[in-house]
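In what follows, a structure is listed as structure tokens, so that the remarks can point back to it.
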Amino acid sequence: MEVSVFFLLVLMFTSHGIGVHSLLHESKRSQDNSGSCVSKPRPKVFQNSHNFSVDLRMPGVIPATSDTYLCMASPVPTGRDAYIVDFIPHANMNTVHHMLLFGCRIPASTSSSWDCGKNGICKDESSVMYAWARNAPHPELPKDVGFKVGQRSGLPYFVLQIHYGDIGAFGDHHRDCSGLTLTMTTKPQPFIAGIYLLMSVDTVILPGKKVTNADVACDYTSYPIYPFAFRTHTHQLGKVVSGYRVRDGKWTLIGRQSPQLPQAFYPTTKNLNIKYGDTVAARCVFTGEGRTTKTYIGSTSNDEMCNFYIMYYMDRKHSEPYMSCVEPGSKELFKHIPAEANVPIPVSPEQMHMMIHMGDSQDLEDQTLLTDQSEPGPLQDEDFHYQEAAGWPQSPLQLGQVSGLAVDSNSNLVIFHRGDHSWRADSFNSQAQYQQRSLGPIQQSTILVVDPAKGNILKASGRNIFYLPHGITTDKENNYWVTDIALHQVLKVSGDGRDAALITLGEAFTPGSDKNHFCKPTDVAEDPETGNIFVSDGYCNARILKFSADGKYLSEWGSGSSDRRRHIPFLIPHSLVFLPDKKDLCVADRENGRIQCFLAETGEFVKEIKKDEFEGKVFAITYSPAGDGLIFAVNGQSSFSSAPLSGFVIDYPTKEILDTFRPNTKDFEMPHDIVQSQDGSVFVADVASKSVFKFIPEKLHRSVKKAGIEVQELEEIETFIQAKVKPNHTTSKTAPIQEKQSVAQQNQLQAEEKSEVLPIREKGVLPAVITTLLLIPLVLVISMGVFLCWRKKNQCEVKAEQNPVGGILGKIRGKAVGSLNLGNFFASHKGYSRQGFDQLSTEGSDQERNDEDSSDSETEEYSALQRPQLSS
């Protein structure tokens, strides 16, 4: 008995060790996947010897054109046969038109993504296992039913296809990681699920004709199937789609639905089966009203589709994973179709209203979402991350030291730079007087208006005025408020290119600390309502001055503190930003490494933002009213830290850092100013490298690494692929079928073909050491068992066998140790044990967004070959 208990504990420890081995492997893969697309929520991995989940996601793709079909492939993550027992979609119709999951023997591409409109889905026959569109909820399979995949099933690969309809959804340049979570088990299921697709390929819808019927029918010639769910699909002109079983002349409804409702799998008629000799038939009803030309079945936004999917199960001994039918059926047969097939299913206004807001109830946080264009900047969402915009500017800008940035009322970027002048160690004497007046003013254009999208110069001005430019802002008339630290002045300069100073504050080349003088003033901010301006002064003084729109002195103040006993004066107030929605003024107190904010009206202290991440210095700030308010900041080089310089996105109310960003191409050297444009882009001026960086907000997605599948964020490749679905022996006829798809590149595909869920083989010293340490107790136990058996005169028999992974599991039989079933043991303890799923549920599934908002760009899942172009 003691040996039995001890051996059980060792087996548990050994099993746990294998799990550690697997986790070490996944940890290594996670480190290699540092650039992966990030999506959430992460799927649960069931702690059970049979059950696991797999995430299939697009690796952060951006479709190049509307009606793009992308595919990604992943091997089934186990060498044994496995069974899909649940599908959980992660997609939203704002971005994804439809999504299909295929099983393949050989994918059409080994890239992490590819355009499956041109290159196909699979090199051989493809089997559809799941379809999603229009925010449809996920179906639940019946008890003891699963889709069989794996090597022996002939479907060792998953291929996920996503159709992106209107690329207008990607106007904010986010990347998409839509996909599926598959709940799987290696436990054999009594019944195998499959998909039967009925599809019209030659229907023509005449313009203005009120009713056009698309009929499809095939004789069924295989083993019995038991339909449990159906799905309809058309484009904008479809009114109702119905599917039937015809047996001995009697039509029995399988399912009937409006294709303008969420295209989910709905429950079929109960207690229905289809057997040898039956006929399977479907009708799609279209209207040509509103069209001026003929509409054909096809894969463009102006074409139509007629698809009726049947999800079924059948006995595992005779299972067929996929069947299809494209025969039009005889007119004689369809004379007897029930009249209900031509009765449109109305979509109520309430349903339309709920369809528009359907996405709000979905699991949207892990999807690629549109940003709210009514507000500048990104959403106040921790899942938005700023990335450097590659290839900006398109042509190099010839700049001197870039000291300031602004955005004008036309949303153009304004750059303030020093041309051929530089601030050197000998530029000023100890009294802050400029020592290089003999050089004269900068002859180059110091103010450049730049296209924020391409980076080309639109307008240039500011010649022969400035000596050492520093800060800049614009007013409503696109005039420029600027500071010049050599002149010790603040100037309002005309924005019409005349290079005329409209207002001048301070005395040229004369530093001072009264209301008529400045000492190296650093920046200007304007209240757009009153026209009042605020000046940070500066390198010598430690104050903020307020002036009226016409330059009249109003007030000034120094730094603030919530505790007067710990008041710390400004140490180079370097950058200013006015918060128009809050009427606050914030200051980047550079050498104190903090941001202080005040009531702009009175100068009353409001708050301080100081973070360790600033590394002791804050050079510049700007503001976005997105969400409850965002502060953007850049830090500077610190004498006590060598950390790379960064940009920060800070939640103004909570003072929490939401994002940190830095360039990909090269590090910041001395980021000196920061500004945000109306489209959410952020620009950073670097005075040392004489350059401007552009950063764009991108939706952050989480990498999913479950059951041996790992998705990486790679550059998307957009292609179009033609795929042919081979005829199934259970149908009368099939036709070549064109599909448009696009897929995210997967460079790890071939490497993952040989991977398994458990165990995962790795090379290296650490796995060998762990395995050795785990085997030592087992060897000791076996030795002890042999010794005890010998002591008891061979009353028990010990037989050790090598398991398929090269380890010794051991089978011990006899009086001392009874048989042990690890599967039953762990199944009866903590974890998941599948005992079947509830009947298909689609509660709340019949709502979606108004089709008029999305259908113009629709092409579809399966379509007939394109009609040949006629020469004129």
Side-chain angles (χ1 to χ4, degrees), residues 399-409 412-423 427 434 440-450 459-511 517-528 531-539 541 544-551 573-578 585 587-588 619-622 672-675 683 685 687 692:
L399 302 173
Q401 292 180 338
V402 186
S403 60
L405 298 175
V407 173
D408 65 19
S409 60
N412 293 318
L413 177 67
V414 181
I415 299 175
F416 198 27
H417 74 111
R418 295 172 182 161
D420 58 3
H421 284 204
S422 298
W423 187 353
S427 295
Y434 186 57
I442 302 169
Q443 297 181 8
Q444 296 92 357
S445 297
T446 57
I447 300 175
L448 305 177
V449 179
V450 172
K459 186 170 62 172
S461 61
R463 302 177 185 86
N464 297 309
I465 301 176
F466 307 110
Y467 286 78
L468 279 182
H470 200 275
I472 185 170
T473 193
T474 59
D475 64 12
K476 291 181 290 187
E477 287 76 33
N478 283 339
N479 298 310
Y480 309 118
W481 280 102
V482 300
T483 68
D484 189 307
I485 55 176
L487 289 170
H488 301 290
Q489 286 181 319
V490 177
L491 300 95
K492 181 179 180 179
V493 180
S494 171
D496 59 8
R498 293 184 292 123
D499 293 341
L502 305 178
I503 297 176
T504 300
L505 302 177
E507 185 179 352
F509 301 110
T510 305
H517 293 84
F518 304 99
C519 189
K520 299 181 185 175
T522 54
D523 203 8
V524 183
E526 187 208 28
D527 180 343
N532 292 339
I533 66 163
F534 305 86
V535 178
S536 51
D537 181 36
Y539 282 96
N541 298 322
I544 306 300
L545 296 94
K546 180 178 179 180
F547 297 86
S548 66
D550 57 2
H574 194 258
S575 174
L576 295 177
V577 64
F578 182 81
L585 180 79
V587 184
F619 266 60
I621 54 175
T622 191
H672 199 262
D673 202 5
I674 185 170
V675 71
F683 297 86
V687 70
V692 178

Applying the side-chain contact (heavy atoms from CB on, under 4.5 Å) criterion to D484, which one of I465, L468, I442 satisfies it? L468
So how far is it from T522 OG1 to H672 NE2, rounded to the nearest 0.5 Å? 8.5 Å
Should the ring pair W423 and Y539 be called parallel, tilted or perpendicular, given that the plane angle runs from 0 to 90° and is split at 30 and 60? perpendicular
Quick one, I533 with L505, criterion side-chain contact (heavy atoms from CB on, under 4.5 Å). Give me CA distance, side-chain angles, the key distance, then yes/no. CA-CA 11 Å; I533 66 163; L505 302 177; 4.0 Å; yes
State yes or no: are the ring centers of F509 and Y467 separated by less than 6.0 Å? yes
Is it the case that the side chain of S536 and the backbone of L576 share a donor-acceptor pair, with hydrogens and angles ignored and the cut-off at 3.5 Å? no
In a check of side-chain contact (heavy atoms from CB on, under 4.5 Å) between T473 and each of F534, W481, F578, which one passes? W481
Minimum heavy-atom separation for Q489 to P521, with atom names? O-CG, 3.7 Å
Yes or no on side-chain contact (heavy atoms from CB on, under 4.5 Å) for K492 and D475, after CA distance, side-chain angles and deciding distance? CA-CA 10 Å; K492 181 179 180 179; D475 64 12; 3.4 Å; yes
Go through the steps to decide whether D673 and F416 satisfy the test side-chain contact (heavy atoms from CB on, under 4.5 Å), and finish with yes or no. CA-CA 10 Å; D673 202 5; F416 198 27; over 6 Å; no
Would F466 and I447 satisfy side-chain contact (heavy atoms from CB on, under 4.5 Å), going step by step from the backbone distance to the final call? CA-CA 10 Å; F466 307 110; I447 300 175; 4.2 Å; yes
Can you see which heavy atom on L448 is nearest to which on A460, and at what distance? CD2-CB, 3.7 Å
How many angstroms lie between atom OH of Y480 and atom CG of L502, to the nearest 0.5 angstrom? 11.5 Å
The single option from H417, H574, H421 that satisfies ring pair (Phe, Tyr, Trp, His ring centres under 6.0 Å) with H470 is H574
R463 and Q444, any side-chain heavy atoms less than 4.5 Å apart: no
Hey, could you give me the CG/CD1 distance between L405 and I472, rounded to the nearest 0.5 Å? 8.5 Å
Any idea which heavy atoms bring V407 and T474 closest together, and the distance? O-OG1, 2.9 Å
Give a yes or no on whether the backbone of P528 and the side-chain of K476 come within a donor-acceptor separation of less than 3.5 Å. yes
Side-chain heavy atoms of F518 within contact of L545, under 4.5 Å: yes
Side chain of K459, backbone of G495: donor and acceptor closer than 3.5 Å? yes
Spacing of Q401 atom CD and T446 atom OG1 [to the nearest 0.5 Å]: 13.5 Å
Could you give the distance from OG (S461) to CZ (R498), rounded to the nearest 0.5 Å? 11.0 Å
Residues that N464 engages under side chain to side chain donor-acceptor pair (under 3.5 Å), provided they are two or more places apart: none
Rounded at 0.5 Å granularity, tell me how far CD1 in I485 sits from CZ in R418. 5.0 Å
Please find the pair of heavy atoms, one from V692 and one from V402, that lie closest to each other, and give the distance. CG2-CG1, 4.0 Å
